[in-house]
Chemist: 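Can you read through this structure? Questions will come right after.
This structure is a prediction, so every number in the text was calculated from the model and none was measured. These values consider heavy atoms only, across backbone and side chains, with no hydrogens, waters or symmetry-generated copies.
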Amino acid sequence: MSYDRVRGMYDILPDEIPWWRLAEEAVREIARRCHYHEVRFPVVEPTELFSRGIGESTDVVTKEMYTFPDRKGRSLTLRPEGTASVARLYLTHGLAAKAPFQKLFYLGPMFRYEKPQKGRNRQFHQYGIEVLGVLDPVVDAEVIGFAWSLMEHLGLGGLRLRLNSIGCSEDRATYREILREFFAPSADRMCADCRRRLLENPLRILDCKEEICQPLIAGAPGSMDSLCPECAGHFAAVRQWLDRLGLRYDIDPRLVRGLDYYTRTVFELVSSDLGAQDTLLGGGRYDDLIEMLGGPPTPGIGFAGGFERLVLALQERGCKPPIERLDLYLVPFGDEGRRAGLALAGTLRKRGVSVDLDVRGRSLRKQLEAANEMNARHVLVLGDEEARTGRGKVKEMDTGVERESSLDVDALITVLGG
RNA sequence: GGGAGCGUGGCGCAAUGGCUAGCGCACUGGGUUGUGGUCCCAGGGGUUGCGGGUUCGAGCCCCGUCGCUCCUCCCA
């Protein structure tokens, strides 16, 4: 093999496609029901969009972006996520003034330069929804409801929604200080990473999985204690809505998301069927993002989910996507039959029937074996005899029953249908 | 970035340091050019990831390297 795949980027072969389509169609269907509109945006954006939108100090920006200069020396980046692009799109097209309230969704590949492992690739595929222009807590509940509807539609179980509020930017600043004061006295009893985090971003300490840090983290004050009255009220209202709608959630005061634009409500939907990378989707509010990118103050909320992980979870749960069967396998046979075969296939295909036929002139036996292997519903042997008389026998492969039929397209379609 | 495990036909695996590196599945053809699944026969396909070392002799042992997988980290 002379060329390897790029590390962390994968081919998806026909065998896997049914699960992908199942997942993609579910997203589109829920989006349709909830009246979200699809947007598509470039895979490449100016680097600054991400570094400013996602946050200069985040892992994504500091070490995970595919960034390169174009031929005129401008710095471009393969999108590592979608929200920043949607915010940019919102501003680019003047929606803030024209139609400030938007419910949008997207699907597509994202890129992050990370060490690959189960459920984490360098090119991965996300779907995401974004609601722009409304601060009301009912929207938070609607967005979370979308996530649950999607999972319910797919019949996925083993799920848990982790919910938290990290407050507005002022709250986050005060919380950061509270954590700093809390952890500082015991800094010497924490792992090296956490000592660094203490200075750079104390919020991250809460994510630490090191044994040594666990007891300390367990006793740390939650972010909800430092919420301002507005944010506390917002969060209480979100919870009320969720309760009213019967949407399950677990409050997790240690849930801190890794992108800087998040404010107030944050959440993750995790699956018990996945490995270490068990977050099926994650999101939250980003009420300052649009303004940060140069637009008018505009609240927003959304989430993104990974298709790879969704597919893994579906397979883990034994979900079988519907199998698409070939309607008819034509077995052209003899000179006349072969001449008639392709023409007949063409007319049937125009009528919406899926037809395949042998193009290698193989033996009758081999062709039937092929038909059997590809799980065709019907077989029609089209030899010289059939070509001459215009009649043939359609065999239903599951039962072995043969039915005599005219080779007239309408007659055939009737036989195939039954 | 750190750690662990694994690299042998397309896939899954085997081979005490010793014969021409085998087996199953898959693939191709035939048994059977007028009807599939089973069965039988035959065939193609390998620089044992790569490079070096030890040895009379290395798929096997040693070193290096590359790759893959999982964990950590982070996140979708």
Side-chain angles (χ1 to χ4, degrees), chain A residues 1-8 10 13 15 23 54 58-64 79-83 107-128 147 191-194 196-197 201 204 207-211 255-259 262 266 268-271 274-283 302-313 329 331-335 337-338 358 360-376 378-386 392-402:
Chain A
M1 176 112 26
S2 36
Y3 291 101
D4 287 333
R5 280 174 293 136
V6 172
R7 183 168 163 80
Y10 300 91
L13 298 181
D15 281 354
I54 297 170
T58 58
D59 277 12
V60 169
V61 169
T62 56
K63 48 191 187 193
E64 295 176 359
R79 61 187 187 194
E81 61 115 40
T83 302
L107 313 174
M110 305 293 166
F111 305 84
R112 291 184 199 173
Y113 192 89
E114 293 192 90
K115 206 170 217 181
Q117 76 185 73
K118 185 175 185 182
R120 188 170 69 190
N121 314 333
R122 287 185 175 178
Q123 174 175 335
F124 59 107
H125 299 79
Q126 283 191 332
Y127 56 92
C191 71
D193 280 337
C194 283
R196 179 179 49 77
R197 293 181 180 120
N201 191 354
R204 292 290 161 65
D207 270 340
C208 186
K209 309 284 192 306
E210 290 295 325
E211 281 292 330
L255 176 62
V256 196
R257 312 225 71 250
L259 310 182
Y262 285 117
V266 293
E268 276 182 8
L269 194 65
V270 297
S271 163
L274 300 179
Q277 307 305 319
D278 62 352
T279 303
L280 228 37
L281 60 86
F303 70 78
F307 275 116
E308 283 79 359
R309 290 182 189 179
L310 193 52
V311 166
L312 275 175
Y329 190 80
V331 182
F333 210 64
D335 291 337
R338 295 195 65 177
D358 179 84
R360 290 186 287 178
R362 301 201 296 168
S363 70
L364 180 68
R365 174 192 175 76
K366 289 294 171 193
Q367 296 196 49
L368 284 158
E369 274 179 9
N372 189 54
E373 235 166 276
M374 68 182 72
N375 198 23
H378 306 276
V379 157
L380 171 62
V381 175
L382 185 53
D384 294 343
E385 175 81 14
E386 287 82 356
K393 280 178 286 185
V394 173
K395 182 169 183 174
E396 188 177 35
M397 293 298 274
D398 290 345
T399 59
V401 172
E402 285 186 310

Chemist: From the options B:rG36, B:rU33, B:rC74, select the nucleotide whose nearest atom is closest to the side chain of A:Ser363.
Modeler: B:rU33
Chemist: Does B:rG57 pair with anything, Watson-Crick or G-U wobble, both distances under 3.5 Å, and if so, with which nucleotide?
Modeler: none
Chemist: What is the distance, rounded to the nearest whole Å, between atom CD of A:Gln277 and atom C1' of B:rC71?
Modeler: 10 Å
Chemist: For atom C1', what is the distance between B:rC62 and B:rC71, given to the nearest Å?
Modeler: 28 Å
Chemist: Once you apply the 3.5 Å cut-off to both distances, tell me the Watson-Crick or G-U wobble partner of B:rU47, or none.
Modeler: none
Chemist: Quick check for you: among B:rU35, B:rC74, B:rA76, whose closest atom lies nearest to any side-chain atom of A:Lys395?
Modeler: B:rU35
Chemist: Check the phosphate of B:rG37 against A:Arg365, side-chain N and O only, distance under 4.0 Å to OP1 or OP2. Yes or no?
Modeler: yes
Chemist: Within the modelled atom types, does a donor on one side and an acceptor on the other bring the side chain of A:Gln367 and the base of B:rU35 under 3.5 Å apart?
Modeler: no
Chemist: So which nucleotide does B:rC73 pair with, by the Watson-Crick or G-U wobble rule with both distances under 3.5 Å?
Modeler: none
Chemist: Ignoring hydrogens and angles, does a donor from either the side chain of A:Arg309 or the base of B:rC75 sit under 3.5 Å from an acceptor on the other?
Modeler: yes
Chemist: If you check the A:Arg120 side chain, which of B:rG37, B:rG30, B:rA76 turns out closest?
Modeler: B:rA76
Chemist: Across the strands shown, which category fits A:Glu385 at heavy-atom distances under 4.0 angstrom: base, sugar-phosphate, nothing?
Modeler: base
Chemist: Taking the P atom in each of B:rU55 and B:rG3, what is the distance between them to the nearest angstrom?
Modeler: 32 Å
Chemist: When you compare B:rU8 with B:rG51, how far apart are their P atoms, in angstrom units rounded to a whole number?
Modeler: 16 Å
Chemist: Searching all strands shown, indicate the nucleotide that pairs with B:rC11 (Watson-Crick or G-U wobble; both distances under 3.5 Å).
Modeler: B:rG24
Chemist: Of all the choices, B:rC39, B:rG34, B:rC71, which nucleotide is nearest to the side chain of A:Phe333 once you look at every atom?
Modeler: B:rG34
Chemist: Answer with base, sugar-phosphate or nothing: what part of the nucleic acid does A:Ala371 contact at a heavy-atom distance below 4.0 Å?
Modeler: nothing
Chemist: Distance check: side-chain N/O of A:Arg7 vs OP1/OP2 of B:rC68, anything under 4.0 Å?
Modeler: yes
Chemist: Pick the C1' atom in B:rG10 and in B:rG45, then give their distance to the nearest Å.
Modeler: 9 Å
Chemist: Looking at every strand, decide which applies to A:Phe111 at a 4.0 Å heavy-atom threshold: base, sugar-phosphate, or nothing.
Modeler: nothing
Chemist: So what does A:Lys115 touch, heavy atoms closer than 4.0 Å: a base, only the sugar-phosphate, or nothing?
Modeler: base
Chemist: Determine the Euclidean distance between corresponding P atoms of B:rU38 and B:rA76; express it in Å to zero decimal places.
Modeler: 47 Å
Chemist: Any side-chain N or O of A:Gln117 less than 4.0 Å from the OP1 or OP2 oxygen of B:rC70?
Modeler: no
Chemist: With a 4.0 Å cutoff (strictly under), does any side-chain N or O of A:Tyr329 reach OP1 or OP2 of B:rU35?
Modeler: no
Chemist: Can you see if the side chain of A:Arg257 gets near the phosphate of B:rA76 - specifically, an N or O under 4.0 Å from OP1 or OP2?
Modeler: yes
Chemist: Considering heavy-atom distances to RNA chain B, does A:Pro116 or A:Glu373 have its closest nucleotide positioned more toward the 5' end?
Modeler: A:Glu373
Chemist: Which listed nucleotide (B:rC71, B:rG36, B:rG34) is nearest to the side chain of A:Lys118?
Modeler: B:rC71
Chemist: Which part of the nucleic acid, if any, lies within reach of A:Gly334 when heavy atoms closer than 4.0 Å are counted: base, sugar-phosphate only, or nothing?
Modeler: nothing
Chemist: Across the strands shown, which category fits A:Leu310 at heavy-atom distances under 4.0 angstrom: base, sugar-phosphate, nothing?
Modeler: nothing
Chemist: Now, which nucleotide makes the Watson-Crick or G-U wobble pair with B:rG5, with each of the two distances under 3.5 Å?
Modeler: B:rC68
Chemist: Given that A:Lys63 and A:Met397 both sit by RNA chain B, which one's nearest nucleotide is further toward the 5' end?
Modeler: A:Met397
Chemist: With heavy atoms under 4.0 Å as the rule, sort A:Glu64 into base, sugar-phosphate or nothing.
Modeler: sugar-phosphate
Chemist: If you measure from the P atom in B:rG12 to the same atom in B:rU69, how many Å do you get, rounded?
Modeler: 12 Å
Chemist: Ignoring the backbone of A:Phe124, work out which of B:rU69, B:rC75, B:rA76 is nearest its side chain.
Modeler: B:rA76
Chemist: Compare the minimum distances between each of B:rG36, B:rA76, B:rC74 and the side chain of A:Asp59, then state the nucleotide with the smallest one.
Modeler: B:rC74
Chemist: Provide the distance between the two P atoms, one in B:rG9 and one in B:rG59, to the nearest whole Å.
Modeler: 14 Å
Chemist: Quick one: A:Leu382 CG to B:rU33 P, roughly how many Å, whole number?
Modeler: 19 Å
Chemist: At under 4.0 Å between heavy atoms, what does A:Gly383 touch on the DNA or RNA strands: base, sugar-phosphate, or nothing?
Modeler: base
Chemist: When we call it a touch if two heavy atoms are under 4.0 Å apart, what does A:Gly275 touch: a base, just sugar-phosphate, or nothing?
Modeler: sugar-phosphate
Chemist: Could you tell me how far apart A:Leu274 (CG) and B:rC75 (P) are, to the nearest whole angstrom?
Modeler: 17 Å
Chemist: Indicate, yes or no, whether a donor-acceptor pair under 3.5 Å links the base of B:rG34 to the side chain of A:Glu386.
Modeler: yes
